[in-house]
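What follows is a single structure, written as structure tokens, with notes after it.
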Amino acid sequence: MQELGRGALSKMSARLEAPVQYGFRLDDTEIAANPLIGQMLRLEYLGAIHCCHCGRKTKKSFSQGYCYPCFIKLAQCDSCIMSPEKCHYDQGTCREPEWGERFCMTEHMVYLANSSGIKVGITRSSQVPVRWIDQGASQALPILRVATRQQSGFVEDLLRSQVADRTNWRAMLKGEAPPLDLAATRDQLFDTCGEGLKMLQERFGLQAIQLLTDSQPIEISYPVDAYPTKVVSFDLDKTPVVEGTLRGIKGQYLILDTGVINLRKFTAYQVAISS
């Protein structure tokens with residue numbers, strides 16, 4: 001087995017093609033992952049974690065790759081990242097106002113996706129379509145263009161009264177989700193939640209919350225030779241050496257004949273990859 005590289009792990013790069021083209025990222029090195037499907041793959045945790053922000057060595061990773069001081073200091077680790085409707089930028093209490101201006105006070109998309117069934121989600125416009133790929137969506141449809149992250153959170157909070165906002169990752173890894181009519185669901189949501197959307201537009205302005213009534217769904221295919229019938233998940237903290245035949249890649253998961261592993265979960269872990 002030949003070592004392909006070693007270093008600090010980052011989430012895989014992903015490029016929308018048919019199928020999605022993935023790359024392993026170790027420090028500044030990128031290794032094409034798709035050609036390795038069908039081969040034996042070995043992932044070894046080397047026993048060290050270095051914060052993805054400051055580089056400090058840490059015994060435990062917080063919020064996917066941060067040391068504890070960065071976790072409690074950085075805006076990207078604040079609770080409002082997971083619950084954007086709780087954004088407190090306008091109260092003057094943002095941990096990093098300049099970061100908030102670049103990442104939160106910017107255009108976001110509210111979308112529907114089909115990963116393990118239909119769900120609603122939000123992402124920065126600049127993260128389309130990577131966000132959908134990271135979630136393992138086989139279909140995705142942007143349905144609203146929103147001026148800020150907080151406002152997109154208000155919209156998502158309204159819409160999730162009708163549709164889920166979570167992906168069942170185990171179901172996602174067992175196969176392709178049956179195709180759904182996302183445009184029909186969008187139209188139904190606009191009808192059911194019309195009054196609430198109108199109130200948000202009156203609060204923030206028509207230009208701040210724009211309904212995308214003519215957008216078309218995109219289809220996403222993944223490089224998977226075979227899906228597992230039973231999903232067994234690896235944890236590098238418990239199993240520092242993970243190996244098996246690579247059967248496919250979906251979302252940020254490697255699908256091996258021995259189990260699956262979410263590489264994004266282990267951001268900043270020092271690892272060696274061999275094949």
Side-chain angles (χ1 to χ4, degrees), residues 1 3-26 30-47 49 52 60-61 63-65 113-117 119 121 129-140 164-178 220-275:
M1 192 169 282
E3 184 173 299
L4 303 176
R6 61 173 54 205
L9 187 66
S10 299
K11 81 180 186 78
M12 287 180 286
S13 65
R15 189 171 68 252
L16 182 60
E17 295 186 16
V20 172
Q21 295 296 306
Y22 283 99
F24 296 124
R25 296 194 297 163
L26 299 171
E30 185 164 320
I31 304 161
N34 291 49
L36 301 176
I37 294 173
Q39 299 184 27
M40 284 292 295
L41 190 73
R42 175 186 171 97
L43 188 71
E44 181 182 359
Y45 171 39
L46 301 175
I49 307 170
C52 60
K60 183 179 178 181
S61 166
S63 193
Q64 296 179 342
N114 180 15
S115 301
S116 56
K119 62 154 288 186
V130 173
R131 176 63 172 164
W132 303 334
I133 294 171
D134 285 349
Q135 294 182 337
S138 56
Q139 298 172 283
D165 64 342
R166 303 280 181 179
T167 296
N168 182 332
W169 64 272
R170 290 184 180 276
M172 180 269 289
L173 290 172
K174 284 186 175 181
E176 295 294 335
I220 305 173
S221 61
Y222 296 89
V224 179
D225 284 347
Y227 286 101
T229 54
K230 182 180 180 181
V231 176
V232 178
S233 180
F234 287 117
D235 184 334
L236 290 179
D237 292 313
K238 299 176 181 178
T239 310
V241 176
V242 171
E243 55 187 346
T245 300
L246 182 61
R247 307 302 298 272
I249 310 172
K250 191 176 185 184
Q252 282 290 320
Y253 283 86
L254 301 182
I255 302 172
L256 305 171
D257 63 347
T258 51
V260 304
I261 182 168
N262 179 1
L263 291 194
R264 187 171 192 172
K265 179 180 178 182
F266 301 102
T267 297
Y269 280 55
Q270 295 287 322
V271 303
I273 296 178
S274 304
S275 180

Without swapping roles, check the side chain of [X] against the backbone of [Y] for a donor-acceptor pair under 3.5 Å.
{"X": "K119", "Y": "N168", "answer": "no"}
{"X": "R170", "Y": "V231", "answer": "yes"}
{"X": "T167", "Y": "S116", "answer": "no"}
{"X": "S274", "Y": "M1", "answer": "no"}
{"X": "K250", "Y": "M172", "answer": "yes"}
{"X": "N114", "Y": "P178", "answer": "yes"}
{"X": "S275", "Y": "M40", "answer": "yes"}

I need the minimum non-hydrogen distance between [X] and [Y], along with the two atoms involved.
{"X": "V224", "Y": "I249", "answer": "CG2-O, 3.6 Å"}
{"X": "Q270", "Y": "A8", "answer": "NE2-CB, 3.5 Å"}
{"X": "Y45", "Y": "V271", "answer": "CA-CG1, 4.2 Å"}
{"X": "P19", "Y": "N34", "answer": "CG-ND2, 4.4 Å"}
{"X": "A137", "Y": "A113", "answer": "CB-CB, 4.0 Å"}
{"X": "R15", "Y": "I133", "answer": "C-CD1, 4.5 Å"}

Practice item. Begin from the C-alpha positions of K60 and I49 and carry the test side-chain contact (heavy atoms from CB on, under 4.5 Å) through to its verdict. Key: CA-CA 7 Å; K60 183 179 178 181; I49 307 170; 5.8 Å; no

Check your understanding: Got a sec, which pairs hit ring-ring contact (aromatic ring centres under 6.0 Å, His included) with one end in residues 220-267, sequence neighbours left out?
Key ->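 As it turns out, the ring-ring contact (aromatic ring centres under 6.0 Å, His included) pairs with a partner in residues 220-267, which skip direct neighbours, are W169-Y253, F266-Y269.
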
Check your understanding: For R25, what residues pass the salt bridge (Lys or Arg N to Asp or Glu O under 4.0 Å) criterion, not counting sequence neighbours?
Key ->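 By the salt bridge (Lys or Arg N to Asp or Glu O under 4.0 Å) rule, R25 matches no residue at all.
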
Exercise for review: Applying salt bridge (Lys or Arg N to Asp or Glu O under 4.0 Å), name anything that partners E30, two or more places apart in sequence or on another chain.
Suggested key: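 Per chain and number, E30 pairs via salt bridge (Lys or Arg N to Asp or Glu O under 4.0 Å) with no residue.
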
From [X] atom [atom1] to [Y] atom [atom2], the distance as rounded to the nearest 0.5 Å:
{"X": "I255", "Y": "I261", "atom1": "CD1", "atom2": "CD1", "value": "13.0 Å"}
{"X": "L36", "Y": "I273", "atom1": "CG", "atom2": "CD1", "value": "8.5 Å"}
{"X": "F24", "Y": "S10", "atom1": "CZ", "atom2": "OG", "value": "13.0 Å"}

Exercise for review: Show your reasoning for whether side-chain contact (heavy atoms from CB on, under 4.5 Å) applies to K265 and L236.
Suggested key: CA-CA 10 Å; K265 179 180 178 182; L236 290 179; over 6 Å; no

Exercise for review: Might you work through the side-chain contact (heavy atoms from CB on, under 4.5 Å) test for L26 and L4, ending with a clear yes or no?
Suggested key: CA-CA 10 Å; L26 299 171; L4 303 176; over 6 Å; no

Check your understanding: Under a 4.5 Å cut-off applied to non-hydrogen side-chain atoms, are V130 and K11 in contact?
Key ->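 Side chain of V130 against side chain of K11, heavy atoms only: contact under 4.5 Å found.
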
Point to revise | Worked verdict on L43 versus L263 for side-chain contact (heavy atoms from CB on, under 4.5 Å) | key: CA-CA 10 Å; L43 188 71; L263 291 194; 3.7 Å; yes

